[in-house]
Amino acid sequence: MLGFLLLPVLAIFLRIPPGDLLDGMRSEAAIDAVIVTAKTSAIANLLILLVGTPAAYLLATRRFAGRTLVITLIELPLVLPPAVAGIGLLAAFGRFGLLGDQLTTVGLSIPFTQIAVVLAVTFVASPFYLRAAIAAFEAVDPNLPAAARTLGASPARTFFRIALPLAGGGLGAGWALSFARGIGEFGATIMFAGSLQGVTQTLSLAIYEQFDVEFDLALAIGAELVVVSAAILLVVKLVPSWTRSSSDSTTLFAPSRSA
Amino acid sequence: MLGFLLLPVLAIFLRIPPGDLLDGMRSEAAIDAVIVTAKTSAIANLLILLVGTPAAYLLATRRFAGRTLVITLIELPLVLPPAVAGIGLLAAFGRFGLLGDQLTTVGLSIPFTQIAVVLAVTFVASPFYLRAAIAAFEAVDPNLPAAARTLGASPARTFFRIALPLAGGGLGAGWALSFARGIGEFGATIMFAGSLQGVTQTLSLAIYEQFDVEFDLALAIGAELVVVSAAILLVVKLVPSWTRSSSDSTTLFAPSRSA
Amino acid sequence: MDTLFLGLDHPLRAFSLRVELEVGRETLALVGPSGAGKSSVLRTIAGLLRPAEGRVALGSEVWLDTRPETGHPISLPPERRSVGLVFQEYALFPHLSVEANVGFGGRARVAELLERFAISELARARPAELSGGERQRVALARALARDPAVLLLDEPLSALDAHTKANVRAELGELLRELELPTVLVTHDFEDAAALADRVGVIVDGRILQLGRSAELLAAPASGFVASFTGANLLPGRARAGLDGLTEVALDAGGTAYSVTAGTGRVGLAVYPWEVALSREVPSDSAVNHLHGSVTSLVSLGNRVRVRVGPVTAEVTTASAERLALREGELVVASFKATATRLVPL
Amino acid sequence: MDTLFLGLDHPLRAFSLRVELEVGRETLALVGPSGAGKSSVLRTIAGLLRPAEGRVALGSEVWLDTRPETGHPISLPPERRSVGLVFQEYALFPHLSVEANVGFGGRARVAELLERFAISELARARPAELSGGERQRVALARALARDPAVLLLDEPLSALDAHTKANVRAELGELLRELELPTVLVTHDFEDAAALADRVGVIVDGRILQLGRSAELLAAPASGFVASFTGANLLPGRARAGLDGLTEVALDAGGTAYSVTAGTGRVGLAVYPWEVALSREVPSDSAVNHLHGSVTSLVSLGNRVRVRVGPVTAEVTTASAERLALREGELVVASFKATATRLVPL
Amino acid sequence: RDDDPFTVYAAASLTESFPRIAAGARFQFGGSNQLALQIRQAAPADVFASASPLYTQQLYREGLVERPRMFATNSLVLAVPKRNPAGIRSVYDLAKRPELKLVVAGAKVPVGLYTREVLKRLELLRVLRKAVSQEPDVKGIVGKLALGEADAGFVYATDVRAAAGRLVAIPLPRRSQPTIRYEVAVVRSTKNRAGAFELIADLLGADGRRELARAGFGLP
Ligand SMILES: Nc1ncnc2c1ncn2[C@@H]1O[C@H](COP(=O)(O)OP(=O)(O)OP(=O)(O)O)[C@@H](O)[C@H]1O
Ligand SMILES: Nc1ncnc2c1ncn2[C@@H]1O[C@H](COP(=O)(O)OP(=O)(O)OP(=O)(O)O)[C@@H](O)[C@H]1O
Ligand SMILES: [Mg+2]
Ligand SMILES: [Mg+2]
């Protein structure tokens, strides 16, 4: 099983003619793509972390009717074919989409802009983070935040000083997955944001463009993506965490006691 | 956040002209696609369950050096852009791939066959199952299998009568995710297996093919996929499980005490 | 120092928790079986659980009132109630040092508290590196750092190894006496309750069954639970009025016993082990209850021996055990006076 | 019935577990602090832990031998060792009914065992629906269904509520006597060990510190751990030879005490509460040890009162406590004889 | 030919017409470049129909297909969404609209090459600066126009017909039209050469020509 999962990854590397990696990085398109990717990824991940972390905390600590349904709905984008996701984004935020009129009124046109890239990446990547973050917060012994409150800490202080550091390992691992998924995102982005060099063409889109023409170059960029993703996954996992469990490494899909 | 994640899904449904859903299902291409999807999905999922379950059990219950690395490697396909995954599969199993010579010798040509579809689906979907299954098996109190052994049960009987039923909820949830991801799989399949109607053209590929032909039909098929995936996710979650925790629903990314 | 008042009515999974308590400058122990609602009472006082209905007040300061006379319900959040809560498993912050744990609620008194609890040397250690007794001291120090007006202790001794428990209990007792705070202490050990608390409340299925000094509980257990909890033999049987104003109890275990307490129907006959005498023959003393049985176990505890005879345990001095040359399997007679028994509802 | 032999040497996280035991037709209790290696011993016997080196045999049947004279190491898997193991928290299969749990190891005797343990009515219940005592009986029945030749019990009483424990312990004792199997029982409660076991082994940091009948342990504790575990007051101090062949111990808590045991350097002075007498003035009896202090707690336990005076606890009769009119805070003298003390390594 | 169905790899723009011509065959539609790539990877195609001679000729030179034959032509049009939000009436309007969402194909795919050829002839290359996206294939352009997100895009004439009702075609001046030739060839590795040639004959025959014409193709 492991062999089967690894072989294709390995094969990509064996396929790259030496030197192409550097060549790939020197072309103007690749440099533009790196810049676009860095920028949109940074914003998307910031959004995911800043909005997703409190949202996950609330979902993890509050019990309410329909909670399982809400968590399932959060997971839906995980299983959406990316192109369908892209159409969905257009249907929601496009000119003739659900929010089209409102957006037009405020003079905002989202498709084909970097905002669209950010939204597409956020849409496909955030469920990875949210799911892991909910699990990580659920794994925090609820007595610890409770203890903080009885010691006079406000809900905010409790969150920052207790819940956040204790869930840290799981949050990091979830974020790594979400980051990697965002970097590799293709289908929803091309549908919703298009692919314009220097504006919306991310690394994944650039790879695709190079496919037929410069297959080896595309492979080289693809390989780079794999290396970056793997490195991030691994590093985040090896960062020690202070979860109560006797884990010798942080968990990716952290312990969860609920849906 | 939830609104942002839901809006695009919702928007798709509002976009579908009524009646197209049924029409979509009546076209020959759609029927062929359903058959191909059902067949390849069934085989891929069988493979994933039959090979993945014991593999996950071993990974969950054995401690060895490099375990974190192995689990990270299993997660890699999760973050691979699907098209890159497809190239990887070609580079591994294609005529000029790593195993090309060996496969040719035994007269086996994998790309562009249903085998290729099965492999592509297995490659992208199995990490979802494996990761959840490892977590589910880790969540089983290790004393329970141990107790079974001291009561005279062989390792096999212990696995089937104790570990499997106890991890059942988590396995089901993981499988649902993996199934849904497999159904929605596009990029790796088109690269590695092509999109031959009646042979390798799955539902997702059919959606794509209909895109510039019958756009509404494509949307309708996409919406059906979403409904099926969501239903499966939800049903599997609401099936009660016998995990030790006082969970009121089974966990999707089940409790995990390790990498 | 103000009096803590608590009244609450709150549906739990299997029953409703209905409790009223007033705790002055004293230690009140809450005892009871697992799931009886003991922790829930503490959580209500601390503000971690908001009951369906209830009132919590410290003197004139109202912390919770779901039905105040003046309009809107009051419910202060935990951080605005002056309580120190020591959790069942201590709930120390695993990612913070001992010093940071203690200082979490207030930096001012950290050094003094570390000193007071003799954990200054551990200031930089993480909770995982501490022994059970050390953890308990850190938890206490942390709870006291805010100078709480009420102290709540949830099974502070149950996480300790048996052999360290005695000393830690003594230390805790001294501390409580010194603090003179209204204190509610949850425990499942009668000896702990008796040692540490001025009054003991027995809570079963959400209701307080009996509340009083530990000696009162011993002298007149109100129920089978209280009797067995305080260490009595509890012999179930069926009671009816007998001769001489005595109640006659047909024991489930066989035989008949007599009690001075009135009662009919299903009852438990409670008798403490030290009220049970052993002999080879039926003695000719004033005891009217004689149970014949074989010795099933002999446990020597220093100067005393606990002897199990059929359904009862007797506690006799080592001297008399030796005189009788008791051995397992031998037939003996266990005798106790009708005046030494209590009939309690089961 | 064969004798169980065990020898093992296995590195654990913090120390090596090195134990040799022989258990005949008897119950051996293993006691010791948390993490001492007690469960690991049971797991080695059951085949759930394979030690680096070791030998486990039942009579002539070898279950484990890492260095046999005849070539290849032997290690039977758990299912081929005839053991019944009752786990610390029972480890009942939560997804199976009581009946299926008991029948997991063998269907033949299920009905009989359910009957024997009075759980026939619970046959269809799931473990989650049972009380602690019921769970314990199911676990025992399950372990016995295979007719094991060796019985291993890991803290069988610790998951029980205090008030049900006494009865369950008595039942368990009767069962063990009846079965007459080589039994190893792990517990952290000395009274449990004394009540249930023929011999008690004290295990600390992977080594057996002392092994003997419970009365022997009480009479001559080999270490500070054993002393405090059996209920002694343990007063740390520094010993040097004194007059009259007595050893003089400068106590850390202040004051000097004398013992008939020889010793120098850091020692613990062990004295049982029932050896400590209380009085208002220094008495003119033969006791040479007198500690002045104020009463910090009084616990009435039926006919006895446990009184804490400074660093020691004294156990006196209720009568003498009443005669002295003891109250908390009052100054008293705690006296004990030099012959009643033991010096133990700390 | 009867037992083992025939496999035709055909350019995406043939998706509607081909099944009508060769009813018994199986089809794989896709970008011609992608299909060529797959044939190189030993894909089990019997016949390859490309939207550009580029790929058939390449494969022919590599010895992977038999001599290709041209069977249809196509033309490029400017497509706008039916509601035509930017009010485009002619290709020259592209230059006049200050705010315009134009979608074109990337310079490396055939339709993108043709687009640039047309614009060059019309001296309108500067409108490429208004492109909001350089799509990797025609489907991306059609999808965005069909949803009304883009104002205009260059696609094949046949695409507009296929997208029934959602798109409106604006013809380009005849002088600017590039020659878009479709070629078909038998794949060398076919196990049914005779059948393959028969299919090509059908395609070139009367029935085939009728269907192609109906789909909007030009005929050689
Ligand atoms: N969050 C909760 N929601 C609903 N019911 C709860 C919750 N927590 C506990 N309970 C139920 O409330 C009852 C009382 O629980 P509580 O923790 O107060 O008992 P306890 O007396 O402290 O028990 P223990 O001795 O086991 O600590 C139990 O029956 C339990 O099932
Ligand atoms: N799987 C394991 N691998 C390595 N070390 C272990 C393992 N399980 C336990 N240990 C270590 O072995 C030591 C002995 O553990 P064991 O469970 O035998 O102790 P114990 O005496 O039963 O303790 P307790 O009273 O807490 O049950 C402990 O220090 C523990 O950290
Ligand atoms: Mg509690
Ligand atoms: Mg243990």
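Naming: A, B, ... by sequence-line order, numbering from 1 per chain. Hydrogens, waters and symmetry mates play no part in the numbers below; they use all other heavy atoms, side chains included.
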| Between the side chain of R81(D) and the main-chain N/O of G152(B), is any donor-acceptor distance below 3.5 Å? |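 Pair absent, no side-chain N/O of R81(D) close to backbone of G152(B).
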### Task
Taking atom CD of E115(D) as the centre, report whether more than 12 heavy atoms of other residues, nucleotides or ligands fall under 6.0 Å from it.
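No - once you tally the heavy atoms of other residues, nucleotides and ligands closer than 6.0 Å, there are 12 at most.
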Would you indicate whether R177(D), at its atom CZ, is surrounded by more than 12 heavy atoms from other residues, nucleotides or ligands within a distance under 6.0 Å?
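Yes, the 6.0 Å shell around CZ holds more than 12 heavy atoms from other groups.
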Heavy-atom distance under 4.5 Å to chain B: side chain of [X], backbone, both or neither?
| X | value |
| --- | --- |
| A143(D) | backbone |
| R142(D) | both |
| L92(D) | backbone |
| F87(D) | side chain |

- Go through the steps for N143(B) and R43(D) under the test side chain to side chain contact (heavy atoms under 4.5 Å, CB included), then give the verdict. CA-CA 11 Å; N143(B) 278 336; R43(D) 296 174 72 85; 3.4 Å; yes
What are the two closest heavy atoms between [X] and [Y], and how far apart are they?
| X | Y | result |
| --- | --- | --- |
| R149(B) | P78(D) | NH2-CD, 3.5 Å |
| A148(B) | F104(D) | CB-CE2, 3.7 Å |
| A46(D) | T150(B) | CB-CG2, 4.1 Å |
| A147(B) | A91(D) | CB-O, 4.1 Å |

In residues 158-176 of chain B, what donor-acceptor pairs under 3.5 Å come from side-chain atoms, sequence neighbours left out?
{"from": "T158(B)", "atom 1": "OG1", "to": "S154(B)", "atom 2": "O", "distance (Å)": "2.8"}
{"from": "W175(B)", "atom 1": "NE1", "to": "N45(B)", "atom 2": "OD1", "distance (Å)": "3.0"}

Practice problem: Go through G84(D), G105(D), G47(D) and name the one with the most non-hydrogen pairs under 4.5 angstrom from chain B. | Solution: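 Highest number of pairs under 4.5 Å: G105(D).
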First locate atom CD of E89(D), then atom CG of D141(B), and finally report the distance between them rounded to the nearest 0.5 Å.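 If I round to the nearest 0.5 Å, the distance is 9.0 Å.
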